[in-house]
Amino acid sequence: MTLPAGPSPHFARISGWGSYVPSAVLTNADLERIVDTNDEWIVTRTGIRERRVAAAHETTASMAAVAGARAIAVAGLDPDEIDMILVATLTPDYWMPSTAALVKEAIGNRRAAAMDVAAACSGFVYAYATAHAYVTSGMARHVLVIGAELLTRFLDYTDRSTCILFGDGAGAVVVSASDEPTG
């Protein structure tokens with residue numbers, strides 16, 4: 001196996017970041033009309049005042065692709081410089097192909113390994129740890145890590161213990177090899 005050219009694979013750093021949220025907003029006042037709750041109850045327990053809701057044409061992959069492309073741009077990379085794409089989600093568009101494979105195609109990457117990480121709330125942390133391991137071992141030079149969820153399509157809006165918590169959106173980072181000890 002030939003290691004990617006570039007900086008020493010002993011260190012990893014976040015070189016780019018991006019996000020995407022749908023334009024539609026669901027406020028606590030909106031939820032007051034749907035379920036037995038109020039703004040004070042929600043804010044006191046969660047700090048949440050609003051959440052985003054995907055439009056009918058938006059998917060987990062489409063939101064992830066926008067966030068990922070933005071992270072790649074901030075990193076100053078071409079999409080084909082990404083060696084691996086990891087998407088942490090529990091709301092994939094399909095079981096197969098993976099959401100990461102759909103993102104790979106959407107951003108125009110022709111060479112990266114791509115896989116989903118299905119670990120719910122801790123998914124992004126596991127995906128980041130995997131990216132860090134690939135970079136520091138020298139198996140990858142640049143890894144795109146994305147957390148993306150489209151939970152509003154699956155929520156029970158009669159259950160105030162859950163429907164107040166979740167929205168839709170995506171966040172991404174590029175984890176890159178570095179010859180400097182960074183965090």
Side-chain angles (χ1 to χ4, degrees), residues 4 12-27 46-135 139-155 165-178 182-183:
R13 67 182 177 91
I14 293 176
S15 61
W17 49 90
S19 63
Y20 175 81
V21 292
S23 59
V25 176
L26 181 66
T27 66
T46 68
I48 299 170
R49 296 190 183 280
E50 66 178 37
R51 66 267 326 124
R52 299 301 179 108
V53 178
H57 70 278
E58 292 175 306
T59 66
T60 302
S62 70
M63 294 186 300
V66 173
R70 289 175 177 170
I72 292 167
V74 169
L77 298 172
D78 180 88
D80 264 340
E81 292 181 88
I82 300 296
D83 301 308
M84 174 175 268
I85 300 167
L86 301 170
V87 176
T89 187
L90 59 92
T91 56
D93 298 332
Y94 311 100
W95 291 113
M96 184 179 64
S98 68
T99 303
L102 298 173
V103 169
K104 176 182 174 176
E105 180 179 13
I107 65 172
N109 180 292
R110 295 176 304 274
R111 54 179 296 281
M115 70 177 182
D116 289 353
V117 177
C121 297
S122 58
F124 187 87
V125 174
Y126 283 117
Y128 175 83
T130 302
H132 188 273
Y134 268 82
V135 169
M139 292 178 65
R141 187 163 176 229
H142 302 287
V143 179
L144 178 60
V145 179
I146 305 169
E149 297 297 354
L150 204 158
L151 286 160
T152 61
R153 294 188 186 154
F154 304 101
L155 290 176
L165 297 173
F166 301 107
D168 304 327
V173 296
V174 175
V175 179
S176 296
S178 174
T182 60

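The model shown is predicted, which means the values in this text are computed figures rather than measured ones.
L86 approaches A131 most closely through the heavy-atom pair CD1-N, 3.8 Å. Summarising the geometry of G18 relative to A71, their closest heavy-atom pair is N-CB, 3.7 Å, with the distance given to 0.1 Å. Contact record, R70 with S19: NH1-O, 2.6 Å, taken as the closest heavy-atom pair. Considering all non-hydrogen atoms of both residues, Y126 and A119 come closest at CD1-CB, 3.6 Å. For the pair I146 and G68, the tightest heavy-atom approach, listed with the atom from each and the gap, is CD1-CA, 4.1 Å. The minimum heavy-atom distance linking A65 with A106 is given by the pair CB-CB, 3.7 Å.
Side-chain atoms of M115 and T130, non-hydrogen and from C-beta on, do get closer than 4.5 Å to each other. Considering only heavy atoms from C-beta on, I107 comes within 4.5 Å of I72 through its side chain. Side-chain contact between Y128 and I14: present, with at least one pair of heavy atoms (C-beta onward) separated by less than 4.5 Å. Taking the side chain as every heavy atom from C-beta outward, V174 and S15 approach each other to under 4.5 Å. Taking 4.5 Å as the limit, some side-chain heavy atom of L102 sits within range of a side-chain heavy atom of P97. Residues T99 and T91 have side chains not in contact (no heavy-atom distance under 4.5 Å, counting atoms from C-beta outward).
Atom CZ of residue F166 and atom CG of residue L26 lie 13.5 Å apart, to the nearest 0.5 angstrom. We find the CG-CD1 distance between L144 and I82 to be 5.5 Å, quoted to the nearest 0.5 Å. Note that NE2 of H142 and CG of D78 are 10.5 Å apart. Values are rounded to the nearest 0.5 Å.
Put simply, the side chain of S122 never gets that close to the backbone of V125: no donor and acceptor are under 3.5 Å apart. Panel note: side chain R52, backbone G167; no donor-acceptor pair is recorded below 3.5 Å. Judged by distance alone, with hydrogens and angles left aside, the side-chain atoms of D116 form no donor-acceptor pair with the main-chain N or O of T89 at under 3.5 Å. A donor-acceptor contact shorter than 3.5 Å links the side chain of D168 to the backbone of A54.
With respect to D80, the salt bridge (Lys or Arg N to Asp or Glu O under 4.0 Å) criterion is satisfied by exactly one of R141, K104, R110: R110.
Considering only residues two or more places apart in sequence or on other chains, R111 meets the salt bridge (charged side-chain N to carboxylate O under 4.0 Å, His left out) condition with D83.
The neighbour count for Y134 OH, taken as heavy atoms of other residues, nucleotides or ligands under 6.0 Å away, does not exceed 12. Within 6.0 Å of CD on E50 lie more than 12 heavy atoms contributed by other residues, nucleotides or ligands.
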